[in-house]
Amino acid sequence: MELNQYINKAVSFEEAGYVEEAIQLCEKCIQAFPEYRDDICLEIAKMNYRSGNEETALLQLIALYEQTGNTDLFDLAVQAYYGERQQEFEKRYSLNCCLLNKYPHFYGTGLKKEPQYVPVYQDSDVLWYCDTEMKQFKSIDRVRISNDYTDDVYVGGNLLWVEDIVLLEKLTRKIDPFMDEENPLLLVYQKDFWELLLQTVDLKELLELDRILFYSDLESLQNSLANQDVQWPQKVVVTGMTEEIMTAIRNAENKYQELIEQYKTAATAYYQKNSDKIIEHLNKNPRILFVTSRFSTAVQYHARDCRKAAEKAGCKTELLIEKNRLRLGISAILYLKTIVEFKPDLYFSIDHFRFESSLFKEDLEELVWLTWIQDPLPAIMDKSSPAKLGKRDIILNHYTTWEDFWQVGYDKHRVIEAPVPANEDLYKHYELTQEEIERYSCDLCFVCHASDVDEYIKAEMEKYPPGIHEHVYTIYKGYQDFVYESGEMFFSKTEFKRYIRGVLEQCSNLVFSDWLLDYMAEDMSNSFNQRVYRQALADWLLDAGFHNIKLWGSGWANNEKYTDYAMGVAENGETLSKIYQASKIVVGNNVNTTAAARAWEAMLSGAFYMSNYIPPERDAVDIRKIMKADEELVMFYNKEDFLQKTEYYLTHEKERQRMIEIGHKIALEKMTYEKLMSRIISEIPEKLRLLRSEEAAEDKDAGDII
């Protein structure tokens, strides 16, 4: 009875706002009535809870529960702390599970309907939770993220505070990405941490970043790494599970090596056993594996269009491409797994040889490898490359007439001419709306990026020592003036070297070193020349009074002279085809090749394409091997000829329509992906036969010598 009086008095203190005094009185009661210690401690915990001291109250309840084992205390604590926000936690858990089920970067199975572990209290430093099955309380201390993390691939474990995840994500972004490439951020969780994350953190904004990979357990991380679903992490964020993560990574490395060996063994056995059958398949409908990259728009489109054409021809195909922007390049596991499962007869690559990959150059030599050369990459232009090619390596060559390519020394028996065509399913006749007619119609259409020549010259000057800036300016600006005034241009590095020497001799008797001369001539030939020419074409037309011009591409609007004509970037495919179709003349403007894909796209769209002139000996892909110049194709040879032919075809509609029909017919007959793939498939068996004959002859000669 006396104890109740003291407790009632303590409650009165609490109600009057004297919480500390109330608790002190209760503590004295414990000393006076030790046999009622548990009951008094419970009252103290309630007082702390009611007064807002939630963590203190929780710790007192947990301590009391652990001392007594009274499950009523467990239920009381859970109801007081979790029960108050239960609906909020359940709703967030359910929404997060729905988001993760659709999220491409989620690995694991920890999405059950009702979590075993529920949060009861969290502040900026600690999270308390309970195990509802074992009826236990546990705490998690926050490990704060420092600013020491930088551009790299990290794996972090058991991160529960959203502020830490957001900070780590910002710190580890790729500083200088290629296109939209990004570093993956791997976050792995143990079971209790995972369930708590889904209840306490809204994942929506984190998922929208599209670079965080979530693993609901260590096994999922291990399997993901072993299968190379993601780039290998370079660093581990310090957490309470660092050792577990390191163990998972080591296990993944071992499993990866095992998988590689398994796939290699299976692939090698298949191709060694079925070498002759592969040749048989080539004479029917070969199975083709196309390999491309999401980080090259042109390469991706070319592989896509070749694949569709091959399927139309009856071939079975597969496509390998990066799954997402979080991985640059295709993993070795995916290569081998696809080969083992699909068993291709042909491997179709763009710009890369078999010998560049350690996976293929020895064990899979029976697989026929097609390399479609489209860019002068170092390995392609290296004179040692022809000797590295295997017995079943075939080259598809875009540079059909480029002397520099043939001087590398490739055996013509293994080369199939393959200039880049156009997709007849995309570039075709469309019924234009009135709005499209008004937006796209023009007399003259350019599709190319702009080039501010003066800005380019200024930027280039800064690469040279200050003492010769004036001479550099004179050389570059002098060439621009020469092109503008004469309407002529240079097409070879040799011509530019001769020009540079002449300018230096005439102006200052200055002599450049061989290295400096070679560098400048290379830049003027490969970069500056194209910029000068495109700008000159536009200027010649405007100065001559042709103003119904549309300039499609980036950069034109940056120069005041072209602002009124700048249309922005033209989307490839249907939009670009409509632009061509609505233009009276599409102007060729590539100084390296006359048979660029733009020519065929324009012709298939029903446009009149007027090609610029390149000397045959400098034309990388000569359109005159496909069409007869001045009969089937209109080509302009200099400034005066360009302006005269522009005037003529703008005022002679019947003749312009006649050339449109001729161009469309030839492009449809010769320069579509369907025609290209059909020809490639038919020519490969003969190319392989010639290579086998050469190999047999070489073996015989070697035997005779011995």
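All values reported here derive from a predicted model rather than from experimental measurement.
- A donor-acceptor contact closer than 3.5 angstrom is absent between the side chains of Glu258 and Gln262.
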Discussion item. Set out, in order, the CA-CA distance, both residues' side-chain angles and the distance that settles ring-ring contact (aromatic ring centres under 6.0 Å, His included) for Tyr410 and Phe405, then state yes or no.
Written reply: CA-CA 8 Å; Tyr410 292 104; Phe405 170 79; 5.0 Å; yes
Practice prompt. Evaluate the side-chain contact (heavy atoms from CB on, under 4.5 Å) criterion for residues Asp180 and Arg294: first the C-alpha distance (whole Å), next the side-chain angles of each, then the deciding distance (0.1 Å), finally the verdict.
Written response: CA-CA 10 Å; Asp180 67 340; Arg294 71 186 307 276; 3.1 Å; yes
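- For the side chain to side chain contact (heavy atoms under 4.5 Å, CB included) test with Ser611, the passing option among Asn590, Val634, Thr594 is Thr594; the others fail.
- Thr400 and Glu417 share no donor-acceptor pair across their side chains, judged by distance under 3.5 Å alone.
- Neither side chain, Glu601 nor Ser577, offers a donor N or O lying under 3.5 Å from an acceptor on the other.
- Here the side chain of Asn589 pairs a donor or acceptor atom with the backbone of Val587 at under 3.5 angstrom.
- In terms of the ring-ring contact (aromatic ring centres under 6.0 Å, His included) criterion, Phe342 has no residue partners (sequence neighbours excluded).
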Worksheet item: After noting the C-alpha distance and the side-chain angles of Arg392 and Glu366, does the key distance pass the salt bridge (Lys or Arg N to Asp or Glu O under 4.0 Å) rule?
Response: CA-CA 7 Å; Arg392 291 189 175 181; Glu366 306 299 329; 3.6 Å; yes
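- Salt bridge present: Arg325 and Asp210 bring a charged side-chain N and a carboxylate O closer than 4.0 Å.
- With Leu346 as the fixed residue, the side chain to side chain contact (heavy atoms under 4.5 Å, CB included) test singles out one of Ile278, Leu370, Leu367: Leu370.
- In this structure, Thr401 and Trp406 have side chains that are not in contact, with every pair of non-hydrogen atoms separated by 4.5 Å or more.
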